[in-house]
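Reviewing the structure listed below.
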Amino acid sequence: MAEKTLFQKIADGEIPSDMVYEDDRCIAFRDIHPHAPVHILVVPRKPIPSLDDLVDDDRELVGHLFLVAKQIAAQEGLDNGYRTVFNCGKEGQQTVPHLHLHLIGGRQLRWPPG
Ligand code: 5GP
């Protein structure tokens, strides 16, 4: 069996996290190094390495991640807006090879991100 990813270990409670949402398809927890007052990662339970590895069957799952992000944004009171980001690959500065949607907000964000 393949070794669990860091985020699978978090999903299974083997690594502690500040979990804010869970269902049968995804989890969401606070980023350990937040870049804003609210910085949450929405992570599918399926260990898809990156956006580049998505297949047609994942279409519904990815839509679900965005709807969960929207729901958490409302729960967190991000009424003035927020940002969602999938980093992908080396130049996209992805550091954890398990697909995750960043939900960032709670301050004025700048553009472009850099
Ligand atoms: P990436 O750089 O791959 O887009 O995002 C990975 C994110 O995971 C980073 O923002 C990093 O701070 C976060 N992260 C890495 N290890 C842990 C951990 O053990 N716990 C939590 N809560 N976040 C983590």
Side-chain angles (χ1 to χ4, degrees):
M1 214 164 78
E3 201 188 323
K4 284 186 187 177
T5 68
L6 172 65
F7 290 165
Q8 280 178 298
K9 290 178 186 168
I10 287 177
D12 292 345
E14 292 167 21
I15 293 177
S17 71
D18 188 352
M19 196 70 74
V20 297
Y21 177 91
E22 271 190 89
D23 67 23
D24 58 334
R25 284 178 284 175
C26 72
I27 58 170
F29 52 89
R30 293 186 196 281
D31 196 292
I32 205 165
H33 295 125
H35 288 291
V38 176
H39 187 169
I40 289 166
L41 304 174
V42 185
V43 181
R45 291 185 186 276
K46 180 181 175 186
I48 302 165
S50 85
L51 207 64
D52 253 355
D53 299 291
L54 287 177
V55 293
D56 278 349
D57 278 355
D58 298 321
R59 196 178 295 267
E60 218 267 326
L61 175 61
V62 172
H64 181 65
L65 300 181
F66 279 109
L67 288 172
V68 167
K70 174 191 153 179
Q71 181 184 322
I72 296 169
Q75 277 167 21
E76 295 286 323
L78 301 179
D79 302 330
N80 294 322
Y82 53 89
R83 186 171 291 160
T84 53
V85 178
F86 281 114
N87 291 328
C88 181
K90 182 169 173 281
E91 293 196 353
Q93 288 209 312
Q94 181 181 1
T95 58
V96 176
H98 181 146
L99 188 74
H100 48 283
L101 184 60
H102 292 260
L103 168 65
I104 301 166
R107 65 167 169 82
Q108 179 61 57
L109 301 173
R110 289 172 296 277
W111 191 262

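When a ligand or atom number is given, it counts from 1 through the structure's own listing order. No hydrogens, no waters, no symmetry mates; every other heavy atom, side chains included, goes into these values. No experiment lies behind these values; they were computed from the predicted model shown.
Atoms of ligand 1 lying under 4.0 Å from any heavy atom of His102, numbered from 1 in the order shown and given with element: 1 (P), 4 (O), 5 (O), 10 (O). Near His33, with a cut-off below 4.0 Å to any heavy atom, the atoms of ligand 1 are 12 (O). Heavy-atom proximity to Gln94, at under 4.0 Å, picks out these atoms of ligand 1: 3 (O). Near Phe29, meaning under 4.0 Å from one of its heavy atoms, ligand 1 places the atoms 21 (C), 22 (N). Within ligand 1, counting atoms from 1 as listed, the ones closer than 4.0 Å to a heavy atom of Phe7 are 8 (O).
For atom 8 (O) of ligand 1, the nearest protein heavy atom (residue, atom name, distance) is Leu41 CD1, 3.5 Å. For atom 13 (C) of ligand 1, the closest heavy atom belonging to the protein is Asp31 OD2, 3.3 Å. Nearest non-hydrogen protein atom to atom 5 (O) of ligand 1 is His100 NE2, 2.9 Å. The nearest heavy-atom contact from the protein to atom 16 (N) of ligand 1 is Leu6 CD2, 3.4 Å.
At most 12 non-hydrogen atoms from other residues, nucleotides or ligands lie less than 6.0 angstrom from CG of Asn80. Counted within 6.0 Å of CD on Glu14, heavy atoms from surrounding residues, nucleotides or ligands total more than 12; the atom is thus considered enclosed. The local environment of CD in Gln93 is sparse, with at most 12 non-hydrogen atoms from other residues, nucleotides or ligands closer than 6.0 Å.
In terms of heavy atoms, Leu103 sits closest to Ala73 at CD2-N, 3.9 Å. Nearest heavy atom pair, residue Ala11 against residue Arg45, reads CB-NH1, 4.1 Å. Heavy-atom minimum distance, Ser50 versus Leu99: C-CD1, 3.7 Å.
For atom 18 (C) of ligand 1, the choice among Val85, Asn87, Ile32 with the nearest heavy atom turns out to be Ile32. Evaluated by nearest non-hydrogen atom to atom 2 (O) of ligand 1, the leading choice among Thr95, Asp18, Val43 is Thr95.
Of the candidates Val42, Val43, Leu101, Val42 is the only one forming a side chain to side chain contact (heavy atoms under 4.5 Å, CB included) with Val68.
Look at Ile10 and you'll find a heavy atom under 4.0 Å from some atom of ligand 1. Using 4.0 Å as the threshold, His35 has no heavy atom nearer than that to any atom of ligand 1.
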Could you please spell out the steps behind the side-chain contact (heavy atoms from CB on, under 4.5 Å) verdict for Ile40 and Tyr21?
-> CA-CA 10 Å; Ile40 289 166; Tyr21 177 91; over 6 Å; no
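Using a 30° and 60° split on the angle between ring planes, His100 and Phe7 fall in the perpendicular class, above 60°.
Here's the thing with Gln93: one of its N/O atoms is less than 3.5 angstrom from an N/O atom of ligand 1. For ligand 1, one of its N or O atoms has an N or O atom of Arg30 under 3.5 Å away.
With sequence neighbours excluded, the residues forming a salt bridge (charged side-chain N to carboxylate O under 4.0 Å, His left out) with Arg59 are Asp56, listed by chain and number.
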